[in-house]
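As structure tokens, the structure follows; a few thoughts come after it.
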Amino acid sequence: MTIDWIITNGKQQMTTQKLKMKILANDGIDPVGQQMLEAAGFTVDTKNIPQDELPARLNEYDVITVRSATKVRQALIDACPNLKVIGRGGVGMDNIDVEYAREKGLAVYNTPASSSLSVAELVFAHLFTGIRFLYDSNRRMPVEGTTKFNDLKKAYAKGIELRGRTIGILGFGRIGREVAKIAIGLGMDVLAYDLFPFNPEVEIVLGGGGTKVNVNVQTATLEEIIAKADFITLHTPFIEKPILGAEEFEKVKKGVAIVNCSRGGLIDEQALINALDSGKVAFAGLDVFDNEPTPLEALLKHPKVSLTPHIGAATGEAQERIGTELAGLIISHFKQ
Ligand SMILES: O=C(O)[C@H](O)COP(=O)(O)O
């Protein structure tokens with residue numbers, strides 16, 4: 001972007017100069033967002049610079065945008081005094097030292113609302129996959145489908161329905177609320193918990209016509225959800241201590257299912273494996289892991305786990321909304 005900058009030298013002389021603003025979209029950016037930025041005059045570079053090369057190469061850019069892969073930590077910020085803006089295309093900012101960046105005068109933006117629906121829909125992809133054993137049949141049918149068809153038919157004969165069952169939502173922010181809306185539409189009972197006070201009313205827009213219905217979900221404590229829910233889904237930001245560990249798995253309803261499309265670390269993975277092995281937990285749907293991008297093999301190969309590689313926000317629609325929102329934030333930042 002060409003912007004008039006006031007350059008002041010030590011002798012208080014002032015001049016204006018046109019500078020070209022450069023953006024490194026290190027984890028990519030949706031083409032619509034990229035076009036918006038380019039139309040506004042920015043140069044957008046979408047090459048993916050490896051993490052260990054960033055300290056030497058990022059300083060030529062004014063802005064870096066990232067998703068969750070690239071880490072923007074203190075050392076990188078210190079190495080790049082020319083950097084002015086960090087943009088997170090997505091919600092979680094646990095890969096960015098946000099406070100430190102702001103102390104150093106950088107602006108940090110994220111796009112908290114753009115991917116909520118996509119993440120919520122992935123929760124139900126895992127739930128539907130779980131209640132009808134698709135996670136297992138998709139692995140076994142290609143191998144045993146012709147020789148053991150009837151055995152497999154028997155193995156997957158005890159499916160259940162979602163309607164009338166209770167889903168416990170841990171974390172009732174934007175994504176938790178979208179999960180509640182879908183659950184209500186499916187005829188499920190919703191128990192919602194959050195650390196902070198929240199409005200239990202959700203607005204559901206009925207397909208096509210735009211008719212709106214307001215529904216109150218039932219608020220619950222963490223303990224109540226653990227004791228009563230048939231399905232538990234996590235929607236809190238990353239925190240150091242797991243919300244679900246061995247103690248909690250002791251107290252869940254036998255046969256509960258757990259879905260985590262939020263952050264690895266919210267579940268004690270070994271405790272989850274034990275609970276799956278003992279049958280206390282019927283199945284888990286996991287999009288996120290403790291140790292990304294190299295999750296525990298015991299989870300990846302577990303026959304009762306439905307797996308996705310952190311793709312909650314990875315839909316065309318969400319990425320377009322994210323790219324557009326982020327581009328808008330960057331453009332208005334430099335217009336200020
Ligand atoms: O925090 C988020 O927005 C999600 O975890 C998505 O992460 P991603 O941008 O790496 O897909």
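We count ligands from 1, going down the list as the structure has it; atoms in each ligand are counted the same way. Values in this document were obtained by computation on a predicted structure and should not be read as measured data.
- The pair D97-R73 meets the salt-bridge criterion, since a charged nitrogen lies less than 4.0 angstrom from a carboxylate oxygen.
- A side-chain donor from one of E325 and S114 sits under 3.5 Å from a side-chain acceptor of the other.
- With respect to atom 2 (C) of ligand 1, the closest heavy atom belonging to the protein is R88 NH2, 3.1 Å.
- Between Y109 and H333, the ring-plane angle classifies as perpendicular under the 30° and 60° cut-offs.
- Residue S262 places no heavy atom under 4.0 Å from ligand 1.
- The protein heavy-atom contact nearest to atom 10 (O) of ligand 1 is S68 OG, 2.4 Å.
- Every atom of ligand 1 with a heavy atom of G92 under 4.0 Å away is listed here by number and element: 1 (O), 2 (C), 3 (O).
- The number of heavy-atom neighbours closer than 6.0 Å to CD of Q218, taken from other residues, nucleotides and ligands shown, is 12 or below.
- The nearest heavy-atom contact from the protein to atom 3 (O) of ligand 1 is V91 N, 2.6 Å.
- The two residues I49 and L24 have their closest heavy-atom pair at CD1-CD2, 3.8 Å.
- Listed by number with element, the atoms of ligand 1 under 4.0 angstrom from any heavy atom of G90 are 3 (O).
- The residue E292 has no part lying near ligand 1, judged by heavy-atom distances below 4.0 Å.
- Heavy-atom contacts from other residues, nucleotides or ligands closer than 6.0 Å to CD of E247 number 12 or fewer.
- Which parts of ligand 1 touch G89 is read off a 4.0 Å heavy-atom cut-off, strictly below it: atoms 9 (O).
- When the heavy-atom distances from atom 6 (C) of ligand 1 to M93, H310, R263, R67 are ranked, the shortest goes to H310.
- The two residues L106 and L83 come nearest to each other via the heavy atoms CG-O, 3.6 Å.
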